[in-house]
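Structure first, commentary second.
Lettering of chains follows the sequences in order, A, B, ..., and the numbering in each one begins at 1.
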There are 2 protein chains.
Amino acid sequence: MATARTAAADGTGRQPRARPTQQERSDATVEDLLAAARALFATAGYAATSLDAVCERAGVTKGALYHHFAGKKQLFSAVYTREQERLAARISSAYLAVAADPWEAVFEGSRAYLEASLDPEVQRITLFDAPGALGWEAMRDLGVNCRELTYKGIARAIRKGAIPDRPADPLTSMLYGGLSESAMAVVRAADPQAALAEALTDLRRLFDALAAGS
Amino acid sequence: MATARTAAADGTGRQPRARPTQQERSDATVEDLLAAARALFATAGYAATSLDAVCERAGVTKGALYHHFAGKKQLFSAVYTREQERLAARISSAYLAVAADPWEAVFEGSRAYLEASLDPEVQRITLFDAPGALGWEAMRDLGVNCRELTYKGIARAIRKGAIPDRPADPLTSMLYGGLSESAMAVVRAADPQAALAEALTDLRRLFDALAAGS
DNA sequence: GACAGAAACATACTGACGGTATGAAACATA
DNA sequence: TATGTTTCATACCGTCAGTATGTTTCTGTC
């Protein structure tokens, strides 16, 4: 019987070819591993997720995993990076929609970050496990991260005179950390819907107060 | 030769008696375990700390550890609880010193929390490892925790009219999370001293703005 | 003070998991 | 087609959290 490796003569070129190139093979494996890892890390958490489980779900063995990743920590780092990129995309999108008003843009970016961080899976990866598993330095040195975006938005708002002049770093920490904690609190509130509404209302007041400050 | 169990006839009663009571034995062992665990958790981190290492440092075996604690997680929980109690004591002290002014008291409490959280060992336990190891619910249900103190302070400031009326929860999250993130950023700044000064200056402005808000 | 029972610990062991070593299969290049 | 490299599979090791069981130390009672 044929071993099912019949060539797909479709026009898309997206189905696996009869003889996939090494790059394609590699990419597919990495993709499978990342998807499996993300699913398990997001639900069971970093510590409770075994690499064997990841490999089984991805349909490969540890040989493949350790060929593409240096270890569990680096695998998680890759998952975390992707998550940050997805979050950053949402933030940027919300920010750019009202970029004409520098301070309002920061508000919309903050709202986007808060709402995106309500997903328990996102929380588990980015807020609970990442600090302990990666450390602060590794989280910062990722190229794309949401804290950096927050900083840039605030710095721009200051440059444009939308809020009183000040160093941008302290406010960045307060806002970014505050939003992260808010996200954790909101989803665990008795009424998450109401809690989110309250959080956004308060965030609005906070932004207004900051803009009005001397 | 005598087995060195000569009774200490000192007046203090603090030295180990010739026949220590079970309570004393227990307490001493628990104390040794907690001290050893806190030292290792604070430096190497939760995951990198083995219970064997804790036992060796404490001068006991795993039999003793598992007699007093249900497992690694619970041991860490006990260490974390102590840390929170210490922090809460510092916060309360700073708060009460200026309790007459409800909002200023919250500021002083916040400053105390921020400054206390600059210690890398405190950070490692309370900010990096605790969320992943304990989870949010377990961190909240501790009886004594700093977030609760923040909430009470803010709620009181609202009741007393020191800041505009609003629900206390959202602001609690923003402030507590912001301070935590600030502590992590400050100690990793190029010039921590200057970063702390900037953070406190900005915190002052934030408090003024919140008090002035409509 | 002898003794039964319980509390406080010690010792030996197991299973699971992260990581490594080594070899085979798939692909690339000539 | 032959050779080297990439990609992965398999077998194995060390470590560590947790358990099972035995031993010592204390407590209450006669």
Salt-bridge present (A/Glu198, B/Arg166; N to O < 4.0 Å)
no
Which nucleotide, in any strand shown, forms a Watson-Crick or G-U wobble pair with C/dA30, with both distances under 3.5 Å?
D/dT1
With a 6.0 Å cut-off on ring centres, are A/Tyr113 and A/Tyr176 close enough?
yes
Name the nucleic acid region contacted by B/Ser26, choosing base, sugar-phosphate or nothing; use a 4.0 angstrom heavy-atom cut-off, strictly under.
sugar-phosphate
Rounded to whole angstroms, how far apart are CG on A/Asp27 and C1' on D/dC8?
15 Å
Going by purine N1 to pyrimidine N3 plus the second Watson-Crick contact, or the G-U wobble pair, all under 3.5 Å, which nucleotide sits opposite C/dT20?
D/dA11
More 5' along DNA chain D: A/Ala64 or B/Thr49, using each one's nearest nucleotide?
A/Ala64
Ignoring backbone atoms, test whether B/His67 places a side-chain nitrogen or oxygen under 4.0 Å from the OP1 or OP2 oxygen of C/dA8.
yes
Atom pair distance, as rounded to whole Å: CD in B/Gln23 and C1' in D/dT25
15 Å
Per the atom types in the model, does the base of D/dA9 pair as donor or acceptor with the side chain of A/Lys62 at under 3.5 Å?
no
Is the shortest distance from a Lys or Arg side-chain nitrogen in A/Glu148 or A/Arg140 to a carboxylate oxygen in the other one below 4.0 Å?
no
Taking only the side-chain heavy atoms of A/Thr21 (C-beta and beyond), determine which of C/dT20, C/dC9, C/dC27 contains the nearest atom.
C/dC27
Without decimals, in angstroms, what is the distance between B/Arg25 CZ and D/dC26 P?
5 Å
Whole-Å distance, A/Leu40 CG to C/dG18 P, equals 11 Å
Per nearest nucleotide of DNA chain D, the residue lying toward the 5' end, A/His68 or B/Ala70, is A/His68
Separation of C/dG19 atom C1' from A/Gln74 atom CD, nearest Å, is 14 Å
In whole angstrom, give the distance that lies between atom CD of B/Glu24 and atom C1' of C/dA7.
15 Å
So, A/Gln123 and A/Arg188: side-chain donor and acceptor under 3.5 Å apart, yes or no?
yes
Rounded to whole Å, how long is the line connecting atom CD of B/Glu56 with atom P of C/dA10?
13 Å
Looking at D/dT15, I'd like to know if its phosphate oxygens (OP1 or OP2) sit under 4.0 Å from a side-chain N or O belonging to B/Ser50.
no
Between B/Arg82 and B/Glu85, is the closest basic N to carboxylate O distance under 4.0 Å?
no
Ignoring backbone atoms, test whether B/Thr29 places a side-chain nitrogen or oxygen under 4.0 Å from the OP1 or OP2 oxygen of C/dC9.
yes
Rounded distance in Å - CG (B/Asp52) to P (C/dT11)
13 Å
Could you check whether the side chain of A/Lys72 and the base of C/dG19 have a donor-acceptor pair of N or O atoms closer than 3.5 Å, going by distance alone?
no
Per A/Leu51 side chain, nearest of listed nucleotides C/dG18, D/dT27, C/dA10
C/dG18
